[in-house]
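Just so it is clear, the values below take in all heavy atoms, side chains as well, and ignore hydrogens, waters and symmetry mates. In the text below, chain A, chain B and the rest are named by the order of the sequence lines, each starting its count at 1. Model, not experiment: these values are computed from the prediction.
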2 protein chains.
Amino acid sequence: MEQEVQAFQEFLRRRGLKLTTQRNIIAKRIFRTTGHFSAEDIVDSFRRERKPISKSTVYRTLDLLVEADLLDTIDFDQGYRLYERCLGRSHHDHLICVDCRCVIEFLDEEIEQLQEQVGDEHKFRILWHTHKIYGLCEGCAKKADESATRRVPGRRS
Amino acid sequence: MEQEVQAFQEFLRRRGLKLTTQRNIIAKRIFRTTGHFSAEDIVDSFRRERKPISKSTVYRTLDLLVEADLLDTIDFDQGYRLYERCLGRSHHDHLICVDCRCVIEFLDEEIEQLQEQVGDEHKFRILWHTHKIYGLCEGCAKKADESATRRVPGRRS
DNA sequence: TTCCGTGCAAATGATTTGCAGGACT
DNA sequence: AGTCCTGCAAATCATTTGCACGGAA
């Protein structure tokens, strides 16, 4: 968190941008989160505390944080963007539960290497990648199995 | 194409849906495409030929074709959805050029297997996945290098 | 005849933008 | 003082939906 706050301030300075109250509040709020969040999550969290900060400002600040390499965006094809902190975090990909929407991170070095190979084979200069595996997490898979079984005796669609 | 037309008609019949002129026209147009296309591409192609079909109908028909397993949707995080025919096509993933926006398909059996392993390790029941590698295709990488070199003697940003 | 489909216009919902008044440096 | 910012409302833009009319079965 401290490191991120400083990195952000440094970034603003380098760009000749101002360190305003709102930017500070938003950045600190974000640097306290774990996991993934949407722009609306941030806006809501301020609304709940009755110190509303305008949507636009939140969006604009998120953009800055992404440019500063302090946030990554992830698109889970849900119609809106999610963000996650990335300073000092290594690259990883995602397992996404289509039922409870939870997200598990994974990293497989072998896959990472094979990707490089794929790039080479196609003379493609890789810049970044996203690898998303959709399915059911342990809990949701269990639930699904149970309700499937339960339905059999009852003969109901 | 013939196969797909029949599969679609069969799908409609099974669902008690009607085989209308518009659905037929749209389906046939799509079954002639190669590569990726957006809903707007389809709408435009009809507009150009002065047999406009309403946007809504196109969207609704695309949904049906996806449900019929005749189309896949792919989200390249461009703010709109792309589709591709998938009947009889095996699964594959994508290399996406961020410059010219061209798309190269790839399939790596080793990666596919390793994914299964990742799922197992996390007790995750995989349903499907997307694996997108972004970067520069051969041509665009070359162009990028050239203009980078050219800039050096001239000393211009 | 009876739904199902279509086209249109309007709604949606996340994100972006224009603008006028405020706030950093 | 001179920019850079903020908040608001309005604009975007792809996609969806409500509704009245028209068409397949």
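- Applying a 4.0 Å cut-off to non-hydrogen atoms, the residues of residues 3-17 of chain A that approach DNA chain D are A:Leu17, listed by residue number.
- Axis angle, first five pairs versus last five pairs of the helix from C:dT1-D:dA25 to C:dT25-D:dA1: 20°, rounded to 10°.
- Protein chain B contacts DNA chain C from C:dC3 to C:dA9, reading 5' to 3' and using non-hydrogen atoms of the protein with a distance under 4.0 Å.
- Taking Ile, Leu, Val, Met, Phe, Trp and Tyr as hydrophobic and joining them when side-chain heavy atoms fall under 4.5 Å apart, one finds B:Phe76 in a cluster with A:Leu127, A:Trp128, B:Ile74, B:Tyr80, B:Leu82, B:Ile96, B:Val98, B:Val103, B:Tyr134, B:Leu136.
- In the region residues 20-36 of chain B, proximity to DNA chain C at under 4.0 angstrom, judged on heavy atoms, holds for B:Thr20, B:Gln22, B:Arg23.
- Within residues 50-67 of chain A, the residues having any heavy atom closer than 4.0 Å to DNA chain D are, in order of number, A:Ile53, A:Ser54, A:Ser56, A:Thr57, A:Arg60.
- Not counting sequence neighbours, B:Asp63 has no partner by the salt bridge (Lys or Arg N to Asp or Glu O under 4.0 Å) test.
- With rounding to the nearest 0.5 angstrom, the CG atom of B:Leu62 is 9.0 Å from the OG atom of B:Ser38.
- Evaluation of the salt bridge (Lys or Arg N to Asp or Glu O under 4.0 Å) rule for B:Glu67 yields B:Arg15 as partners, not counting sequence neighbours.
- A:Leu19 places its CG atom 10 Å from the P atom of D:dT6, with the value rounded to the nearest Å.
- The aromatic rings of B:Tyr83 and B:Phe37 sit parallel to each other, their planes meeting at less than 30°, with 60° as the upper class boundary.
- For B:His129 and B:His131, the ring centers are positioned 6.0 Å apart or more.
- By the salt bridge (Lys or Arg N to Asp or Glu O under 4.0 Å) test, B:Arg14 pairs with B:Glu10, sequence neighbours left out.
- Not one N or O on the side chain of A:Arg81 forms a donor-acceptor pair closer than 3.5 Å with the backbone of A:Thr73.
- A:Asp75 CG to B:Lys132 NZ: the interatomic distance, rounded to the nearest 0.5 Å, is 7.0 Å.
- Separating the NE2 atom in A:His91 from the OG1 atom in A:Thr130 is a distance of 9.0 Å, to the nearest 0.5 Å.
- For B:Asp120, there are no salt bridge (Lys or Arg N to Asp or Glu O under 4.0 Å) partners two or more places apart in sequence or in a different chain.
- The CG atom of B:Leu17 sits 6.5 Å away from the CZ atom of B:Phe11 when rounded to the nearest 0.5 Å.
- Counting only residues at least two apart or in different chains, salt bridge (charged side-chain N to carboxylate O under 4.0 Å, His left out) contacts with residues 101-113 of chain A comprise A:Arg89-A:Glu105.
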Anything under 3.5 Å between a donor and an acceptor, one on a side chain of residues 1-9 of chain B, the other on a protein residue two or more places apart or in another chain? List them.
residue : atom : partner : partner atom : Å
B:Glu4  : OE1  : B:Met1  : N            : 3.3
B:Glu4  : OE1  : B:Arg85 : NH2          : 2.6
B:Glu4  : OE2  : B:Arg85 : NE           : 3.0

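- One finds the CD atom of B:Gln22 at 11.5 Å from the OG atom of B:Ser56 (value rounded to the nearest 0.5 Å).
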